[in-house]
Enquirer: 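Structure incoming, see below.
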Amino acid sequence: MSLSSRHLLGLSGVPKEDIQLILDTARTFREVLERPIKKVPTLQGKTVVNLFYENSTRTRISFELAQKRLSADTINFATSTSSAKKGETFKDTVRNIEAMKVDMIVVRHQSAGVPQYLTKISKANIINAGDGLHEHPTQGLLDMYSINERLGRLEGLKVCIVGDVAHSRVALSNIYGLKTMGAQVSVCGPSTMIPFGIEALGIKVYHKIEEALKENDVLNVIRIQLERDAGRRIPSLREYHNYFGVTTERIEKFNKDIVILHPGPINRGVELSSEVADGPYQVILDQVTNGVAVRMAVLYLLGTMHS
Amino acid sequence: MKIILKQVNLLHPEQKLNEQTDLLIEDGVIKKIGGITEPEFKEAKVYEMNGKFCSPGFFDMHVHLREPGREDEETVETGCNAAAVGGFTGVACMPNTNPDIDSAEVVRFIKEKAARHLVDVFPVAAATLARKGEAISPMLELYEAGAVGFSDDGVAIKSAGILRNVLEYSKMMDAPVIEHCEDESLAGGAMNESFTSTLLGLPGIPNVAEDLIVIRDIMMAEFTGGRVHIAHISSKNAVDLVRQAKKKGIKVTAEVAPHHFALTDDLLKTFDTNYKMNPPLRTREDVDAMIEGLKDGTIDCIASDHAPHSIEEKEMEFIYAPNGILGLETQIGLAISELVKKKHLTLDQLVEKFAINPRKILNLPVPKIKVGELANFTIFDPEQIWTVDITKFKSKAKNSPYDKRLLTGKAVAVINKKKMFIDEKMMEI
């Protein structure tokens, strides 16, 4: 079994079989992570570059750990200034790195479309670690893995993405992936945070967190990103919490079976109350562990395709 | 020198002229229309035109020539060469150069650079100093030096208060104020705001950003009695607003760029930065409104918004890449393919949009096809099928999304200022 594409640019258009294969493979690696020696020689001799044009701690560490546990050689290139400002073009930067003979590039960038562009200028396998407000496919995959781990299936589940959906790359990857796997996806948030025309994707829109809680099996609660100007789209964090925050009180009143996901980092007291963030309904730290396993699966499946 | 255009189809809607005949030009001046004698044929250089069309020279009232400041992207000379290949005998160039065209010296510098070229170049000067929207530019002096209109192109004139002064001042010259219509507080996106921008995760620029400034400018034109020209119109509602304003007799005109009647925003799915421009490519509904506006006369003319950019600048991460594409060399092909061949416009209307209306808006004389007049023509073949090849462009830049596209309709020759450009060659006549 192998994937139908040699890159992972997003979950849009990725066939069900591919997603299933990644999730199944991740399960094997998840077991590896429980062993005393958490390392396999699968990608020995392969070189992976983590090309991060945007600040990221957890995604980069997660990818790096995944690479190390597969015995790949890992190089980190992190900068928050665009190549344009430095005077060297992005293309030149990539060509330089590639000239050092790398096999795979994991890329995060402020601009949507950069992973696609990379496939045109590089021969390496490209993995999108988040491009602009477009996609973050490994996050989508680890969310699906975590939901499946908790509830035993994806097919037929109702999953609602809560928060600044319009300015989230996590949301689109979740929507594409979950729909492919047969789940029903909805979104919930203030109307300034709902993307234009999202209903056309067959997505229900909620503006009341109570209704979203009541009618869904899973809430994937997205971080309110103040660094992305979220403050211009809501009057205050306090108002957001009062109307859209997920609290134990609301969960107990409307849906005690709910499963809460959050891609982190959490703004405690904003999108989640502290009690919920540490409570029995959430799988937040499982998501983090699963993230390493899912990224190992993606790296392994892409990295061994032609060998 | 004497030349004869044999069996050429003269087309001049203002003169109600549409006939196939022979044309004798001597030293750049029209000598005879028909009735050319055998000895005259013998002593002239004869060009067989086989029914190709000859109209007043095309005029592109919205180009960026990049000189002074970015001569690596385009110069007055290379831009004029591109114009000649594209079938234009005149262009108006926008003031967002470095320095801006906000002093008489820069106007004269550009006029001087173009003085010996076949293509006439008319600078559009900045409406405000450095296009900052704070103080009006020396408009009378700029006009006297050769500017034909005023614009802060790249942005709209910042405030209604400054626009009022610009419009009132411009009335003394009866010059148009050419507006890039985009509300600053809604600007800053990388593509049209639409379902497609949602799917692509690219920040959007909504139609209403354009509509707001269009309605502001129309109201200011009505209030001041000045003339507003809407540059590169792209939104459906904006076309409606101009249509209503014209009905009320407000002095407003509009141009559309070929990409806004030929392309839609779903092309952005390729993340090709050659589809990145401002105003952005819009939806099918907007494209249909552009065509409707051209048909009923709401949109007066077609202008390319020719915007050369270096490869290094365009080959960048999408959100950082600059806006704009080349237009001069593909414009007539796109207009004939998308408008004439699809029966939206007649050839007469095409000539109005390409040659007559832009000059009227800028108060420039429309060339006549009459004995004794200086020959200022475009000869074009609406049936010629050709493939765009960016490597053959005369423009210094190559940023065109039309590479390898099959087009119908091409300029065959241009004649102006006692010069003729034909078969890739410039010659004195």
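Lettering of chains follows the sequences in order, A, B, ..., and the numbering in each one begins at 1. Note that this is a predicted model, so its numbers are computed, not measured.
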Enquirer: Counting only non-hydrogen atoms closer than 4.5 Å, does B:Thr270 touch chain A with its backbone (N, CA, C, O), its side chain (CB onward), both, or neither?
Expert: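 Contact with chain A: backbone only.
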Enquirer: Is A:Arg60 salt-bridged to A:Glu54, cutoff N-O under 4.0 Å?
Expert: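 A salt bridge is absent here (no side-chain N lies under 4.0 Å from a carboxylate O).
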Enquirer: When you look at CD of B:Glu77, are more than 12 heavy atoms from neighbouring residues, nucleotides or ligands closer to it than 6.0 Å?
Expert: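 No, not enclosed.
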Enquirer: Mind checking whether A:His109 and A:Tyr117 have ring centres under 6.0 Å apart?
Expert: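 When the ring centroids of A:His109 and A:Tyr117 are compared, they turn out to be at least 6.0 Å apart.
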Enquirer: Anything under 30° is parallel, anything over 60° is perpendicular, the rest tilted; go ahead and classify B:Phe271 against B:Phe318.
Expert: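 It falls in the perpendicular class, over 60°.
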Enquirer: Would you mind telling me which of A:Leu133, A:Asp92, A:Leu201 has the largest number of heavy-atom pairs within less than 4.5 Å of chain B?
Expert: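 Ranked by heavy-atom pairs under 4.5 Å with chain B, first place is A:Leu133.
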Enquirer: Does the distance from a Lys or Arg side-chain N to an Asp or Glu carboxylate O, for A:Asp164 and A:Arg233, drop under 4.0 Å?
Expert: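 Here A:Asp164 pairs with A:Arg233 in a salt bridge, since their nearest N and O are under 4.0 Å apart.
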Enquirer: Within residues 166-191 of chain A, which positions have a heavy-atom distance to chain B below 4.5 Å?
Expert: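 The list, in residue order, reads A:Leu172, A:Tyr176.
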Enquirer: Using heavy atoms and a sub-4.5 Å threshold, report which of residues 272-292 of chain B line up against chain A, by residue number.
Expert: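 Expected list: none.
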Enquirer: Would you please test A:His136 and A:His134 for ring pair (Phe, Tyr, Trp, His ring centres under 6.0 Å) and show each step?
Expert: CA-CA 7 Å; A:His136 190 0; A:His134 185 215; over 10 Å; no
Enquirer: Which value, rounded to the nearest 0.5 Å, describes the distance between B:Leu241 atom CG and B:Ser235 atom OG?
Expert: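 It comes to 7.5 Å.
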Enquirer: Can you tell me which residue among B:Glu317, B:Glu315, B:Glu312 is in a salt bridge (Lys or Arg N to Asp or Glu O under 4.0 Å) with A:Lys91?
Expert: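 One option only clears the test, and that one is B:Glu315.
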Enquirer: Parallel, tilted or perpendicular for B:His232 and B:His180, by the 30°/60° rule?
Expert: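 B:His232 vs B:His180 ring planes: perpendicular.
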Enquirer: So which residue, A:Gly197, A:Ser12, A:Ala112, ends up with the most heavy-atom pairs under 4.5 Å with chain B?
Expert: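 The candidate making the most pairs under 4.5 Å is A:Ala112.
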Enquirer: If I measure from the heavy atoms of chain A, does B:Leu268 come under 4.5 Å with its side chain, its backbone, both, or neither?
Expert: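 Interface part for B:Leu268: neither.
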Enquirer: Tell me whether B:Lys269 is salt-bridged to B:Asp266, with the criterion being a basic N under 4.0 Å from an acidic carboxylate O.
Expert: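 Result for this pair is no, no salt bridge flagged.
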Enquirer: Per the salt bridge (Lys or Arg N to Asp or Glu O under 4.0 Å) rule, which among B:Lys314, B:Lys398, B:Lys396, B:Arg66 passes with B:Glu73?
Expert: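 So the option named by the test is B:Arg66.
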Enquirer: Of the backbone (N, CA, C, O) and the side chain (C-beta and beyond), which part of A:Phe196 lies under 4.5 Å from a heavy atom of chain B, both, or neither?
Expert: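 It is both, since atoms from each part get that close.
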Enquirer: Kindly indicate whether a cation-pi arrangement holds for A:Arg108 with A:Phe52, taking the cut-offs as under 6.0 Å to the six-membered ring centre and within 45° of the axis.
Expert: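 Cation-pi check for A:Arg108 and A:Phe52: fails.
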